[in-house]
Protein chains: 2
Amino acid sequence: MKLTSRSEYALLALLYLARQEADVLVSVDTIAKAQAIPPKFLEQILLTLKRARYLKSSKGQHGGYALGKSADKISLAEVVRLFDGALAPTESVSVYFFEHTPIEKEKSLIRVFKEIRDYVSKKLENTTLADLV
Amino acid sequence: MKLTSRSEYALLALLYLARQEADVLVSVDTIAKAQAIPPKFLEQILLTLKRARYLKSSKGQHGGYALGKSADKISLAEVVRLFDGALAPTESVSVYFFEHTPIEKEKSLIRVFKEIRDYVSKKLENTTLADLV
DNA sequence: TTCGTTTCCTACTAAAATGGTAGATTACTT
DNA sequence: AAGTAATCTACCATTTTAGTAGGAAACGAA
């Protein structure tokens with residue numbers, strides 16, 4: 001796993017929304033300013049999060065975004081997977097994003113990297129936005 | 001950390017050499033065939049490993065590559081860092097490859113990702129080629 | 001009913017990273 | 001001298017990354 005700016009921005013935005021009162025709508029520009037994120041880029045990111053049901057939104061004046069579910073139901077693992085794919089260090093040890101890679105045939109290497117995958121997934125699955133606010 | 005094909009091939013080649021008798025020279029083509037690596041690509045990779053003193057070599061007939069130090073002195077961490085940079089999930093929590101990234105200001109996120117960095121580094125620093133042969 | 005506001009949607013683009021290839025040169029062995 | 005194998009550097013196509021641009025749709029207020 002390597003965090004891209006997309007997933008980092010997504011986490012910042014979600015964290016910001018998690019700190020608001022539930023269901024208060026906040027506009028893209030407000031979040032963008034508060035967290036120093038390029039606004040048009042953030043727009044795309046929030047839209048992705050909305051389509052994946054982590055956010056809800058409404059348009060027009062006093063519109064904006066709010067969390068789509070409670071903060072303790074959104075884990076870091078889900079957010080990172082949504083933007084960056086596998087949490088594992090290489091796809092051949094990934095559960096959800098398996099692909100063939102060169103080290104595949106070396107059992108001893110696979111074992112080490114699976115242990116890393118397991119640690120990372122557990123850690124990020126067990127950490128929710130609620131844990132961080 | 002995300003493994004690239006470079007670092008995966010490097011690990012395969014090193015592991016192959018670690019399994020040979022010490023100081024036996026093996027040619028690029030032999031390693032390439034044994035581990036299914038594009039030979040000219042492997043050439044570059046071995047050269048990088050040689051410059052970093054993980055391999056030694058000699059030219060000409062019966063030339064080739066061998067480990068430059070004993071297998072228990074070569075950790076996976078060193079190899080991965082050489083080709084892929086930071087072991088950390090994002091540079092702002094990396095010790096050797098620090099750079100600014102967006103999540104930097106969020107202490108709670110930093111804490112989680114530093115724990116991951118620590119686990120990964122320890123695991124890969126404590127695993128040597130000798131552990132894998 | 002119209003105006004401003006804000007989300008929604010898609011296309012585009014520049015730069016960097018990735019995964020190699022190609023070919024010439026140097027050095028060693030027989 | 002011939003063959004073999006490492007050394008070195010340049011090149012290249014594709015994919016990924018990190019955004020930008022601009023219009024359409026919807027909502028609220030006046």
Side-chain angles (χ1 to χ4, degrees), chain A residues 1-10 12-13 17 24-33 35-66 68 80 82-86 90-91 97 99-103, chain B residues 1-10 12-13 17 24-33 35-66 68 80 82-86 90-91 97 99-103:
Chain A
M1 171 197 45
K2 174 92 210 305
L3 297 182
T4 61
S5 69
R6 271 181 171 78
S7 65
E8 294 204 20
Y9 288 148
L12 290 179
L17 289 172
V24 171
L25 294 172
V26 184
S27 75
V28 172
D29 284 330
T30 303
I31 304 172
K33 261 162 200 147
Q35 298 286 54
I37 306 173
K40 290 294 281 181
F41 195 28
L42 181 57
E43 217 177 274
Q44 286 183 13
I45 293 164
L46 296 185
L47 212 42
T48 300
L49 286 168
K50 189 214 157 141
R51 287 176 181 143
R53 309 283 170 190
Y54 298 113
L55 295 180
K56 56 189 172 189
S57 66
S58 77
K59 295 180 175 181
Q61 227 161 17
H62 308 116
Y65 287 94
V80 173
L82 182 62
F83 290 96
D84 297 343
T90 181
E91 268 85 5
F97 297 87
E99 267 179 59
H100 296 282
T101 85
I103 58 161
Chain B
M1 172 199 43
K2 174 93 209 302
L3 297 182
T4 61
S5 69
R6 271 180 171 78
S7 65
E8 294 205 19
Y9 288 147
L12 290 179
L17 289 172
V24 171
L25 295 171
V26 184
S27 74
V28 172
D29 284 330
T30 303
I31 303 172
K33 261 161 200 147
Q35 298 287 52
I37 306 172
K40 291 295 280 181
F41 195 30
L42 180 58
E43 219 177 272
Q44 286 183 13
I45 293 164
L46 296 184
L47 213 42
T48 300
L49 286 168
K50 189 214 156 138
R51 288 177 181 142
R53 309 284 171 190
Y54 298 114
L55 295 180
K56 56 188 171 189
S57 66
S58 77
K59 294 182 175 180
Q61 228 162 16
H62 308 117
Y65 288 94
V80 173
L82 182 61
F83 290 96
D84 297 342
T90 181
E91 267 85 6
F97 297 88
E99 267 178 60
H100 296 282
T101 85
I103 58 160

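Protein chains get the first letters and strands the later ones, always in sequence-line order, with residue 1 at the start of each.
A straight line from CZ of R6(B) to P of dA16(C) spans 17 Å, rounded to a whole angstrom. In this structure, the CE atom of M1(B) is 19 Å from the P atom of dA17(C), given to the nearest Å. In this structure, CZ of F83(B) is placed 17 Å from P of dA17(C), rounded to the nearest angstrom. Per the geometry, CD1 belonging to I45(B) stands 10 Å off C1' belonging to dG20(C), to the nearest Å.
Using a 4.0 Å cutoff to heavy atoms of chain B, the contacted part of DNA chain D runs 5' to 3' from dT4(D) to dA10(D).
Taking the side chain as every heavy atom from C-beta outward, T4(A) and S7(A) approach each other to under 4.5 Å. Taking the side chain as every heavy atom from C-beta outward, E8(A) and T90(B) approach each other to under 4.5 Å. Using a 4.5 Å heavy-atom cutoff, the side chains of V80(A) and M1(A) are in contact. T101(B) is not listed as a side-chain neighbour of S5(A), based on a closest heavy-atom distance of 4.5 Å or more.
Checked against side chain to side chain contact (heavy atoms under 4.5 Å, CB included), K50(B) has the following partners two or more places apart in sequence or in another chain: L55(B), S57(B), Y65(B). For S58(A), the side chain to side chain contact (heavy atoms under 4.5 Å, CB included) partners at least two apart in sequence or on another chain are L25(A). Annotation: side chain to side chain contact (heavy atoms under 4.5 Å, CB included) contacts of A10(A) (sequence neighbours excluded): I45(A), L49(A), V79(A), F83(A). Judged as a side chain to side chain contact (heavy atoms under 4.5 Å, CB included), and not counting sequence neighbours, the contacts of E99(A) are E91(A).
Phosphate contact (OP1/OP2 of dG19(C), side-chain N/O of Y9(B), threshold under 4.0 Å): absent.
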- Letter by letter from the 5' end, nucleotides 3-13 of chain C scores (B base, S sugar-phosphate only, - none; protein heavy atoms under 4.0 Å) --BBBBB-B--
